[in-house]
Amino acid sequence: MLKEYDCWFQKRTITPSINVPQTVISLHDGLVSAQALKEFVSGIERLLEFKPKVQKKFEEEKSAIFLGLIAGMKLPVFEKGNLCAENCCKSKHTDSFIIKVTNSQIFIAGQNENGLLYGVFRFLSLLALGSLKEGFELCESPVSQLRMINHWDNFDGTIERGYAGNSLFYKNGQFDYDDKRIEDYARLLASTGINRVSINNVNVRHKAKLLITKEYLSRAGKLAAIFRRFGIRLFLSINFGAPWSLGKLPTADPLDSSVAQWWKERAALIYKYIPDLAGFLVKADSEGEPGPFQYNRTHADGANMLAKAVEPFGGEIVWRCFVYNCQQDWRDHNFDRARAAYDHFKPLDGAFDKNVILQIKFGPYDFQVREPVTPLFGDLTKTRHVMELQITQEYTGHQIDLCYLPWLWQDIMNFDTARGEKSRIMDLLAPYKEGQSNIEGFSAVVNVGLDNNWTGHTLAQANLYGYGRMAWNPSLTANEIAKEWTILSFGHAQPSAQKIENILLNSYPAYEKYNAPFGVCFMVTPNSHYGPNIEGYEFSRWGTYHRADKDAIGIDRTPSGTGYTSQYSQKNAALFADPQTCPENMILFFHRLRYDFVMKNGETLLQNIYDNHFEGYEQASAMMEEWESLKDLIESEVYESVLSRFQRQIANAREWRDQINTYFYRKTGICDVKGRKIFD
Ligand code: GCU
């Protein structure tokens, strides 16, 4: 029976494709290794319905499963150097693992304890997927060092941009969590390779400011202890203004010695409670949060001061680059919000301490359905940095609409920054090295809450799973992940598995088609960000305008306009600046075009807008029909809850279709050439 709560850890007896011995020999002691052993034993029980016998010592067993560290496995098979000898030089990399299956023995070995845990989880998935066979050998290293989850959870229990119930961590201004649920959550994350979690909203307001006080730190310490068993270290989001709002100092100026001292003492206190704290996550000078600009200091001044406070404890500062002027005047056509991250941070390349990591949103705006990859990627060579994604569906349907995000992420991973050889995002993922534009990993705003199925929409679990998998290996495709997730969650049975996979893969293109056209962005209801409101942000302070009139739409971001395209490499700047070569799915992000501009399919821009909106609605309806065809094949509770979301999605898609089409019809007076109904 499918249990939504169990996500991709369903209890489902399978016929193994290999011989799985009855004895497991655990060769390494340690907190995470012990957890790996537990996971292995319970995973085998879940899938094969027997409990392996655990032994701590190797006694020449002919048939056994060996769990341990690569370096510590003093087994004949290792000494001969034949455990994946040739292709496993990568196994020296942090968190890597080896799996090897012979006819009577199975070896799972990690480079470190985390690696062992990841190896165990991967083995169990491969077993459930039916991909193992005798002689199987796998050696994997994560491409990203930092694989982080950001919680935007508030202390009152609400979650900023959360669509799956309240916080797992807080309620009524206090920590309030169920240890078992946190453990289950940590398991889900670790099973996809996540190694860092920030536990509170980047907007650190109200009671959350007290997180770094004694009263709250002891509960935070207990939370950290649960995650620690799964190889996950915590980050705390801090408020840059804390020295005055909490410490009662007259200033939070990063160059003031009393401020620096205050943070040093605070860090010492925090590390008493969470000795392995990964560090602080900081949103500064952004959307009303305090920051160094208030004191005429740079972001390097701000970040480095904090970096020095956590440095003695091995801590790091993850500093967000979501810094832009949110008090713009819509009348001013010269100011372009899209330029902000690059304009602020490119000049600071090389100015940050070595324990500062910049966290850069993937696009120049804000997690839109389609926007280009920000030009900072590929162009920071002296600063550590990671990419920020959003798993929670703020602009992508609030976990009411189905929107399978690895579809978008795959495009991001394939984006070529065109600075030197091998310059796609996925090629740049590597540990920091001065002089190279390596990206160290990913961070993403998570989509979970207290709902029984974690993510509101059950199929949105695929986004959580997909994020972890892609952060681990950015060259995995959206198709591969969809297949894997579907089988682990719903089983192999056909036609359901194939249909669910199809539904996932069709969902992003459908959503994109009925949303704001061709990368123009932000035609969304202000504040909530669900459903259409075409001019909702048109005359506001947020700097996200489309400026549609009766003849044309979009912002000219070429050198004859705001010059944003020039922030890219020469090759990309030329590509984007010419409407004939600019990728069409974001042509309105870069250009202001007349409605009669002829697109690649020979139709006008306007006709393409109409077509996409009719098609997007139809594709959403087709997804629902495909789901309805599974009625008797899926657990009714899951079937019904997903169906009710599809029904709401159809209503939303219809609103988008009709509002967008009517808007442009009213502006232009031009009918759909195919004569479909556009309301006036
Ligand atoms: C978006 C989002 C905010 C969030 C912000 C951020 O603007 O709407 O709720 O605080 O991003 O990333 O900090």
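Residue indices begin at 1 and follow the sequence shown. Atoms within a ligand are numbered from 1 in the order they appear, just like the ligands themselves.
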> Is the NZ or CZ atom of R219 both under 6.0 Å from the centre of the six-membered ring of Y177 and within 45° of that ring's axis?
Replying inline: yes
> Hey, is NE2 on H333 packed in by over 12 heavy atoms from elsewhere, all under 6.0 Å?
Replying inline: yes
>> So if I count the atoms of ligand 1 from 1 in the order they appear, which ones are less than 4.0 Å from some heavy atom of F322?
In response: 5 (C), 6 (C), 7 (O), 11 (O), 12 (O), 13 (O)
>> Strictly below 4.0 Å, N to O, side chains only: are R370 and E512 in salt-bridge contact?
In response: yes
> Will you find, in the side chains of Y324 and E287, an N or O donor that is under 3.5 Å from an N or O acceptor?
Replying inline: yes
>> Would R181 pass as a cation-pi partner of W454, given that its NZ or CZ must be under 6.0 Å from the six-membered ring centre and within 45 degrees of the axis?
In response: yes
> Short list, please: which atoms of ligand 1 are under 4.0 Å from a heavy atom of N203?
Replying inline: 10 (O)
> What protein heavy atom is closest to atom 2 (C) of ligand 1, reported as residue, atom name and distance in Å?
Replying inline: E394 OE2, 3.3 Å
> Salt bridge or not for K354 and E311, using N-O below 4.0 Å?
Replying inline: no
>> Quick test: of every protein heavy atom, which one is nearest to atom 13 (O) of ligand 1, and how far off is it to 0.1 Å?
In response: K283 NZ, 2.6 Å
>> Show the atoms of ligand 1 that are less than 4.0 angstrom away from any heavy atom in E160.
In response: 3 (C), 4 (C), 9 (O), 10 (O)
>> Only heavy atoms of D366, strictly under 4.0 Å: list the atoms of ligand 1 that pass.
In response: 1 (C), 7 (O), 11 (O)
>> If we ignore hydrogens and angles and just use 3.5 Å, is the side chain of S144 paired with the main-chain N or O of F442 as donor and acceptor?
In response: no
> Are F377 and T374 close enough that some pair of their side-chain heavy atoms sits under 4.5 Å apart?
Replying inline: yes
>> Any nitrogen or oxygen of W152, side chain or backbone, less than 3.5 Å from one on ligand 1?
In response: no
> Starting from atom 11 (O) of ligand 1, which protein heavy atom do you reach first, and at what distance in Å?
Replying inline: K361 NZ, 3.1 Å
> Given Q359, H529, R320, which has its nearest heavy atom closest to atom 12 (O) of ligand 1?
Replying inline: R320
> Which residue and non-hydrogen atom of the protein lie closest to atom 5 (C) of ligand 1, and at what distance in Å?
Replying inline: E287 OE1, 3.3 Å
>> Does any N or O of ligand 1 fall below 3.5 Å from an N or O anywhere on E388, backbone included?
In response: no
